[in-house]
Structure formats: structure tokens, C-alpha cells
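What follows is a short report on a single structure.
Below, read A as the first sequence line, B as the second, and so on, with proteins coming before strands; counting in each chain starts at 1.
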Amino acid sequence: MPKKITQYTEDDLPKAYDANLFEDSIYKNWEKAGAFKPVTKKGSKKKPFTIIMPPPNATGTLHLGHASMLALQDIMIRYHRMKGEPTLWIPGTDHAAIATQNKVEKLLAEKSITRHDLGRKKFIKEVEEFVKGSQNTIRNQVRKMGSSCDWSRETYTLDAGPSLAVRTVFKQMFDDGLIYRGNRIVNWCPRCQSTLADDEVKYKEARTKFYYLKYGPFIIGTARPETKFLDKVVVVHPDDKRYRKYVGKTFDVPWINGTVKATVLADKASDPTFGTGAMTITPAHSQIDFEIAQRHKLEIVKIIDEKGNLTEHAGEFAGMNAKVSREKIIEALDAKGLVEKIDENYIHNLSICYRCDATIEPLTSTQWFINVDKKIPKRSKSLKQLSIEVVKNGKIEILPEKFEKIYTHWMGNLHDWCISRQIWFGHQIPVWYCKNCPGKPIVEIDTPARCSNCKNTEITQDPDVLDTWFSSGLWTFSTLGWPKKTPDLKTYHPTSVLETGYDILFFWVARMILMTTYALNEVPFKTVYLHGLVRTRNGEKMSKSKPETCIDPLDMISKYGADALRLSMVIGGGPGNDVRLYEEKIAGYRNFVNKIWNVTRFILLNTTPSDLSKPFNKKDVKTTADKWILTRLQKLIKESTQLIEKYKFSEAGMKIYDFLWNEMADWYLEFSKGEHKNPAVLLHVLRDTLKLLHPFVPYITEVLWEKLGMQKFLMLEEWPTYNASLIFPADAKKIEKIYTLITEIRKVRAEYKLDPAKKFDAVIYGGALTALLKEKEQAIKRLANLENITLAKKGTKPEKALSVIASGVEVYIPFDQMFDIEKELERIKKELAQHEKELAGLQGRLHNKTFLGSAPKEVVEQVKSDAARHTEAITKLNEHRRGLEKAA
RNA sequence: GGACAGUUAGCUCAGUUGGUAGAGCGUCUCGUUGACGUCGAGAAGGUCAGAGGUUCGAAUCCUCUACUGUCCACCA
């Protein structure tokens, strides 16, 4: 930082801002100075603001989704830090059990090694090496985005702290009877060789064959004949008249492996309108069939095993891959004359694994579950009820609001959560089994030395690991030190905002709510802000398989700078709304960043070191233009602050953008060229604007702050406050009239294709604005490109002249030669028509008694004054027209 | 099958409690003006998806329709 300010010259400041020259070093300076750590100011009673960063998977690199998440969170964090709140943003990474294991297995497969070749210990070591590498990549990328997170508190889900939290919660839930081991239907991925939670299953539409098979007196329909070996129960709807006579009866039915004894049951689960209305059931491989079997206490036999092969119950087909066996089984059935017909065009949803796309096989398996319906001891409510309650009673607010309904609905239909996974990487389940005490699992936080029951030392730990979302569910408090009672936990929990994509509302957000309300009896966060997905220009999902549409955030940063990328992802998006991103858009915001640079450059080249060192004082306010820009600035401060408070970052960003470019640069800076230059106001407006911009574009604003000779980091400055004493409504209105006038003159010049280089003389009758016009004469001359101005309150109209009537001011540009009166008449007529059209609309309303009676006063007044304005313009234009007609 | 969102200028999107439609990009014309060509000035371009209703007044509120998208449920 420069200690002494010297006068800037053109050579000190390049014409264009080059983000690459500044970003990395600025970030390093912030980090070195400890600027990302929360600060509690002495005597301040401000409440802390906390965000726990959704931990990116430790599998690889960041994509645009992460970039947009980081941008939004950093905006909130920087804003609250500037508001003087103790602000904490904790970064971290997620071990992402299945995803990471798959990735490493794939890498090993390239060397023809399987995890079994290595064994559990060596394999885990391999995974950890891989994770270290990608964690470093992620850390650098998070930094590149300008994220002001507290690296000293960085956490990884497999760190000692979070792992202890995981085991502690597991034991607590087990002791409360909420965790149980059971043989239930699970979603099994034969590729991953593991269970999947219900929401880890994706669906894909597929065209398959649908078989109608003869089954005793029934025709049953199925898409999966390979599961039907042991079917001996026919289920029909109790109200189905066609089959009522069969209910409760038994039949001998010729079937795949000989004759079976079939029983007919009535159950409402059978849909009379689907297929033939009669179905046989396969309880071990279908959720619905399983439930029916439980209701009627039927035997549950597994036909397909974990590898996707048929079990010994398949008789001659045993050991065959289930998929392969299908045709063979149909052949066998057909040989027995049991195939009624085959529908070749049956479209149904295929369940596939969301990690590896393999077809899911529902099967029964012994797994660990969390019971979501059981009442928690001493709380008389289930996990499900607790989780719904905190959202319903407003302790947690979800944005956009519509997701509250979706959340409640999903939570209401939640089944018991299967938490065991048959993989090696992750938190191994803290359960041990003793050889001598079957059926009595030992659940401990720390590895026990012996069986708690018989003291035997021969105990083995459950080989499975926990679902990765189990540990993510604890993330808001495991990162803060729980189960230890740390000061961080006390200060920063519950956290303020959880900001994440709506695509993981169920995976993660719901589970955090469930786990936290259980373990801490407290909500994990007060507000959930769900951002949209980043899409391509055409609204498609960006995917790595289509590299031409897939934008790499790091490329964009090196090309346009992190600030431009941040803006392009924030502006145009809102909670729950997807954002379309394409390179021109980023380039557009790079242009804006450059504009910020040049506005500052102009001001620095027009101020002296002594201007820079003087604090702003109200006495420095001099011209009408000063009053106008200060008024506009106050309005901007008020509005943008409110918008940020309401999480409307896009609108806030747009407002500030608009102010800087269309008001400050286009008009105030222009007025400042020449005699109205006022360094004090220029600098004050610039400083406040840089502060408002800082959360959105932290790098450029910090760079410029330093150039302005400020000693402290901008990121640690105070957020501007609305100052009512800097509001001058009457002056602000006058300046707006001046610039409409200038615009009108420019319009006429352009319309007549007047030589832009040539300056013309003008006669101006200013009416009520005459004094101001006098003050701004130089600026008007410069901006409207006029030579001499003859200014008076009013006067006679020159005969041959172009006319501009705006803001109650008449401007005439006299012409001696080359002047086409006909053309000017035509133009005036066009303008008259425009005014008359608008006047007619307004008068229509003014003549309407009901309008006058029921519309609010302000509206009526507005309409009246608008009508008067048009009437005046019409009068003046008509006078001018008559003059021209005479001259012609 | 159920639920929800969207449909506004060529493209991407704003549009607060209803007061008569805006921006950026693109297009066209022009420009070496004391910061910026990553710029400046100006212009063209819209029956606010369609129909009906409430209202003095509807892009905005209500109903229906069409199209697009998302989520949930999964069907033997």
C-alpha cells in the first residue's frame, strides 16, 4: 500500500484493467493479513453471520455450479463483514464416499488393478492420496474466485473432529432406538456393489418388452419374467368384480419349473386398470410386493443375488445373469404354451444408479437404517415430525418459498433411511460383533477392546461404511467442534444461511435439518437460499460430455477476470432460477469492470494528492450537479442495501451497475469536465460506489481502493449508510431536465445528419430553468456540441430554425442555408402527432368520472401534470410550425 | 399419474402493493470531443403465449387453454 500519495499521471494508470495482474496478489494480501477471520469489534453487540460452505466433493475440480455458489456466498459474507458483524465462512471438502471410491477404482482399473487386489488398507491409502491432490486443486480454485473464507477453520468430512461427531451421533441414535439393523428391500447397485438411498436412484425411460403370461385362470403381465420363479400368490383388487370369485382359493398352476400351488389374495395395492388387473408378486425384488408380503405375512425369497445373478431358487437357471436369463425363461414358458402375448413397445422407467448409471436391482438385504417415524425418547416426536415442524413454524425459512412445500411433501413421505454402504471408503460403522454373542451388536464411539457382554476380545467391526450424507448432515456443527463445547459452536451455531443448489435439497438440506434438530435440538441454519443451475445459452445443462457448451471457470477467470465471472453468474439469476451463461455475457461484465477502472482513472487524473487526503464534508457540495449525484447515490445506497437484505443480489448488482455507468460516468463525469469539477464530491461518490460494488467485484474495487491511497483494506471498510442530509430532490429533478434537453438536441442533430464535428449556434428560451441553464451553459455546449448560446427567459422564435421543445425549454438552432423547411415541418408534425396521441390517452382518463373518483390522488395529479406538459409542448410546436409555414 | 414454475424486443432477462412496458447483448447510422473503442451519440424493434373475467384502468389479480421446463411418485 502506498504510504504517500503522489499525483497520478496517464502513465501510472494503464488504459485498460488487466485482472491477471492484480487478482492473485490481492488475494494473498488479504489472506496474509488475516482479513477472512471473523472480528468481534469491542463493545459491538452485532450478531454473528455464519455460512458453512457446502463442501465440494473431493473427487476433482470445480465447475461453474461451484463458482456460482462461491460468488453468492462471498457476496453475503463480504456484505455482512462490511456491516461490522462477526462474519465467518468455513470452507471444506466432502469425502463423497461412493463417488470418490468409484473414481479411484476407475483410475486403478486403467492399471488393471481392482480394490480387492490391494485390500482394504492399501486401497484406502490410495484413495487418500488421490483426495489430497484434488483437495489442493479445489483450494486453489476457491481462492481464484475471490472467496473470503476462513482457511484456518477448513474442515474435511473425514477429519478427526467430524468423524468423532459421526460416531457420537450414531451411538446416540442407536441408544435412542432410532438406528436398527434389518432385512429390508434396498436399492442395490450391482456395479457399485452397494446399497443406494431412495433419492440416489435416477430414472430413465426405456422401451422394453412386456410379457402377458398364462398363470392358471389368470393372465398376468410382467416386464421381468426372471423374477417370477417362485410366484405363488396372485393379488387382485378387492373391488375387482372379474376376480372376486377367485379370492381365497388355491390353484395348481403349471409354471416355469413345474407346477406351483397358487393362492389368490385381495389387496388394494393391485391396480385393476393396469395390465390385466391381476398380478403375481415378487416380495424380495419390489418395494410394493414386499409391503404386500408383509401385510399378508408371506414368505420372502431372494431370486436375484448381489451380483445380479439368479439364485439357487431358479432351478435350472441358477447362476445365470438375470438379464441374460430373460429370453431363455420366455422360451421355456413358450414351450409350455404359457406365453399369451408380448407387447414389444412397453415404455417404463428404468431405475439406474445416479453415480454409475448401472441398472438398480431392488433386493432384500441386511442393512442399517434410521427409523424416521419412531418417537424420539423424551421428545414424543419422530425425526420426520421434528424436521417438518421447524420449517412449518418458520424457524427455518426456505428461499424461494415454493421449496417449503416441496420439502414438506418430501419429508412427509420419507421412508426409513438406509445408511450402510458396502464400500470401503468413508466412516466405518461404529458397530462391533462378538463371536460369542450373536444378535448383540456392540455400538461404541471409540473402538472397544472387548465385548461389553462377555468380555471376549475377539470382536470384529462391521465392514460397511456410512452413507456420505450421514456425515454431511452434521456439517454445520461438526465443523464447529461438536461434540466438544467449543467457543465457535457457541458463537456461530445455528448458522445464518445455507446457500446451495436446489438439486440437493433432499440429499443434503433435508438431512442436515433432520440430523441437527435431533443431535443439537436446534436448527442448523435460519435461512436456506437455493440457487439455480448454471445452464448454457440454450438452457441445456452443462455437461462434461459436451465440451463445446461446457465452460470452465478457470478459463474464464484467466480470460476475463474473476470479477467479471462473478457478475455474470449473479446478475440475471435469483433464488430457484437457473442462470444461462455464455461467453459474451462474461465479456460484457468484463467491460463493466473496465468501466469502473476508467471512472476511477478519470477521477484520479483530475484530483490532487491533497484532494485525496481530505475527508468529505457537506460544505464541499456546490453545484446542482453535485446535489443531483449525491441524491442519486443516497437512493442507491438505500435500495441496494434493502435488496441485498432480501437476497435479491441480481437486482442490487444491476442497480449499482446502472448508477456507475449511466449516471455517474455518462452524466456526472461529463458535467465535471470543465468548470464544474468538484474533486471532493467526485471522490466521495466514487468511494461509496466502490464500497457498494465490493461484495460483487472484490478484486477491482480493492485494487482501486489502494490506488485512492486508502490505508485500510476496502473489504474491512464500513458499508455506506443512507444520509438524508445529502438528499436534494428539487436540484435532482432539475439536472434530469437538463439531460433530457441535451438528449433531445442530440436526437435532432442525428436525425438531420448534421455534421457531428460542426458546432452550431442556438437560441434557448429557458423559462423557469433559465438560471440553471446559465450555470450549466458550458456543459450543455460541450455535450450538445453547440457554439454560442443566446439564452433568455423567453423571446420570439427565429424564422428558419430547427426546434427542440423539452422540459419546458425551447431550443432553436437557426439555419441560413441548406435548410429544408418541408422536412422540418414534417418532423414537427410527427412530434405533434406523438404528443397528441399521448395527450388523448391522458385526457380520456381525465374525462372519466369514475377514474377521477376512484384512482388515488397522486395518480390523478400525475396524469394532470403529464397532460399539461403535452399541451404546452403542442402549443409551442404549433407556434413554431405556423412560423415555418409563413417562411415557406 | 401428482405438483410446481415459466411464456415480455432477434437473444438473455428486469418489471415492487394493478396507473399504460425497460436494460444488456445483437442489428443499423454516426463519431480521433480533456477516463474508457473493453468507448461515446442516435435509431429501429413489443397486441407482454391465447381466450375469458374482475376493475375507471391488467404484463401484474382470477379462470380456462396451448407450449416449454422442473420436481415427486413409480405401475406389477
Side-chain angles (χ1 to χ4, degrees), chain A residues 10 13 15-17 199 203 210 220-224 227-228 231 235 269-271 273-282 286-289 292 348-349 351 400 402-403 405-406 409-410 413 502-503 505-506 533 537-539 560 564 571-574 576-582 584-585 587-606 643 648 650-651 654 657-658 661-662 665-666 669-670 673-674 742-743 746-751 753-757 759 782-783 785 838 841-842 844-845 848-856 858-860 862-863:
Chain A
E10 296 242 354
L13 299 161
K15 285 189 169 195
Y17 171 66
D199 41 50
Y203 294 92
F210 192 78
I220 57 154
T222 182
R224 305 198 58 198
T227 64
K228 302 247 151 248
D231 286 6
V235 179
S270 178
D271 177 1
T273 64
F274 187 86
T276 59
M279 64 174 178
T280 61
I281 58 165
T282 313
S286 149
Q287 181 69 37
I288 289 196
D289 294 6
I292 296 172
H348 80 147
N349 273 332
S351 325
K402 65 170 177 176
F403 282 106
K405 239 194 255 168
I406 298 174
H409 180 251
W410 184 85
N413 291 319
Y502 62 74
D503 50 332
L505 175 64
F506 305 134
L533 270 40
R537 171 183 214 110
N538 302 320
Y560 303 105
I571 293 186
N577 281 345
D578 294 349
V579 186
R580 297 189 185 196
L581 192 68
Y582 37 89
E584 303 99 281
K585 195 168 162 185
Y589 289 108
R590 186 269 321 264
N591 296 353
F592 172 65
V593 168
N594 191 54
K595 191 78 184 178
I596 306 173
W597 172 266
N598 274 295
V599 164
T600 310
R601 184 171 188 261
F602 172 81
I603 292 174
L604 284 173
L605 295 176
N606 283 283
L643 287 166
K648 296 186 174 182
S650 169
E651 278 183 64
M654 265 169 9
Y657 175 108
D658 185 60
W661 203 318
N662 300 119
D666 285 354
L669 258 47
E670 289 303 330
K673 290 176 182 171
I742 293 170
T743 305
R746 284 171 178 170
K747 223 154 89 178
V748 173
R749 291 190 64 123
E751 232 169 289
K753 300 200 192 306
L754 299 185
D755 180 359
K759 291 179 196 280
R782 198 174 50 250
L783 297 176
N785 208 10
E838 287 191 31
L842 295 166
R845 286 201 269 168
N848 186 335
K849 276 179 195 157
T850 20
F851 170 71
L852 293 172
S854 26
E858 311 87 72
V859 174
V860 177
Q862 185 62 48
V863 172

Would you classify [X] as touching base, sugar-phosphate or nothing, given that sugar-phosphate means primed atoms plus P, OP1 and OP2, and contacts are heavy atoms under 4.0 Å?
X: Lys759(A); result: nothing
X: Thr280(A); result: sugar-phosphate
X: Gly277(A); result: base
X: Arg537(A); result: sugar-phosphate
X: Thr222(A); result: sugar-phosphate
X: Pro400(A); result: nothing
X: Thr743(A); result: sugar-phosphate

Evaluate side chain to side chain contact (heavy atoms under 4.5 Å, CB included) for Glu670(A) paired with Ile742(A), printing each intermediate quantity in order. CA-CA 12 Å; Glu670(A) 289 303 330; Ile742(A) 293 170; over 6 Å; no
The side chain of [X] is closest to which nucleotide in this list: [options]?
X: Asp271(A); options: A35(B), C11(B), C75(B); answer: C75(B)
X: Met654(A); options: C72(B), A14(B), A76(B); answer: A14(B)
X: Val859(A); options: A41(B), G19(B), C4(B); answer: G19(B)
X: Ile406(A); options: C36(B), C71(B), C72(B); answer: C71(B)
X: Lys747(A); options: A43(B), C56(B), A35(B); answer: A43(B)
X: Thr850(A); options: C56(B), U20(B), U12(B); answer: C56(B)
X: Lys402(A); options: C4(B), G19(B), A76(B); answer: C4(B)
X: Ser286(A); options: A76(B), C11(B), C75(B); answer: C75(B)
X: Val599(A); options: C13(B), C75(B), A35(B); answer: A35(B)

Does the Lys NZ or Arg CZ of Arg845(A) fall within the cation-pi geometry relative to Phe851(A) - under 6.0 Å from the ring centre and within 45° of the axis? yes
Cationic N near anionic O, under 4.0 Å, Lys15(A) to Glu10(A): no
Short side-chain N/O contact to [N] OP1/OP2 from [X], under 4.0 Å:
X: Lys15(A); N: C36(B); result: yes
X: Trp661(A); N: U38(B); result: no
X: Asn577(A); N: A14(B); result: yes
X: Asn591(A); N: C39(B); result: yes
X: Arg749(A); N: G42(B); result: no

Geometric class of the Tyr589(A)/Tyr657(A) ring pair [parallel <30°, tilted 30-60°, perpendicular >60°]: perpendicular
Classify the side chain of [X] versus the base of [N] as yes if they form a donor-acceptor pair under 3.5 Å and no if they do not.
X: Lys673(A); N: A35(B); value: yes
X: Lys595(A); N: C36(B); value: yes
X: Arg590(A); N: U38(B); value: yes
X: Glu670(A); N: A35(B); value: yes

Could you pick out which residue, Pro756(A) or Ala278(A), lies toward the 5' side of RNA chain B when each is mapped onto its nearest nucleotide?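 Here Pro756(A) is the residue nearer the 5' end.
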5′-ward residue of the pair Tyr17(A)/Ile288(A) relative to RNA chain B: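 Of the two residues, Tyr17(A) wins.
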State the pairing partner of [N]; accept Watson-Crick or G-U wobble contacts with both distances under 3.5 Å, and report none otherwise.
N: G6(B); value: C67(B)
N: A44(B); value: none
N: U55(B); value: none
N: G18(B); value: none
N: U33(B); value: none

Grab the [atom1]-[atom2] distance between [X] and [N] for me, whole Å please.
X: Gln287(A); N: C74(B); atom1: CD; atom2: P; answer: 8 Å
X: Asp666(A); N: A41(B); atom1: CG; atom2: C1'; answer: 10 Å
X: Ile571(A); N: G24(B); atom1: CD1; atom2: C1'; answer: 10 Å
X: Leu669(A); N: A35(B); atom1: CG; atom2: P; answer: 10 Å
X: Leu533(A); N: G69(B); atom1: CG; atom2: C1'; answer: 12 Å
X: Tyr582(A); N: C11(B); atom1: OH; atom2: C1'; answer: 7 Å
X: Tyr657(A); N: G22(B); atom1: OH; atom2: C1'; answer: 14 Å
X: His409(A); N: C72(B); atom1: NE2; atom2: C1'; answer: 7 Å

[atom1]-based separation of [M] from [N] [nearest Å]:
N: C48(B); M: A43(B); atom1: P; value: 23 Å
N: A23(B); M: G15(B); atom1: C1'; value: 10 Å
N: G18(B); M: U55(B); atom1: C1'; value: 9 Å
N: U38(B); M: G26(B); atom1: P; value: 12 Å
N: U7(B); M: A49(B); atom1: P; value: 7 Å

Can you name the closest pair of heavy atoms from [X] and [Y] and give their distance?
X: Ala564(A); Y: Val593(A); answer: N-CG2, 4.2 Å
X: Gly576(A); Y: Tyr502(A); answer: O-CE2, 3.9 Å
X: Thr276(A); Y: Ile220(A); answer: OG1-CA, 4.0 Å

Donor-acceptor under 3.5 Å (Arg746(A) side chain, Asn785(A) main chain):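 It does not hold such a pair.
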Picking from Asp231(A), Thr227(A), Asp289(A), what satisfies side chain to side chain donor-acceptor pair (under 3.5 Å) with Thr280(A)? Asp231(A)
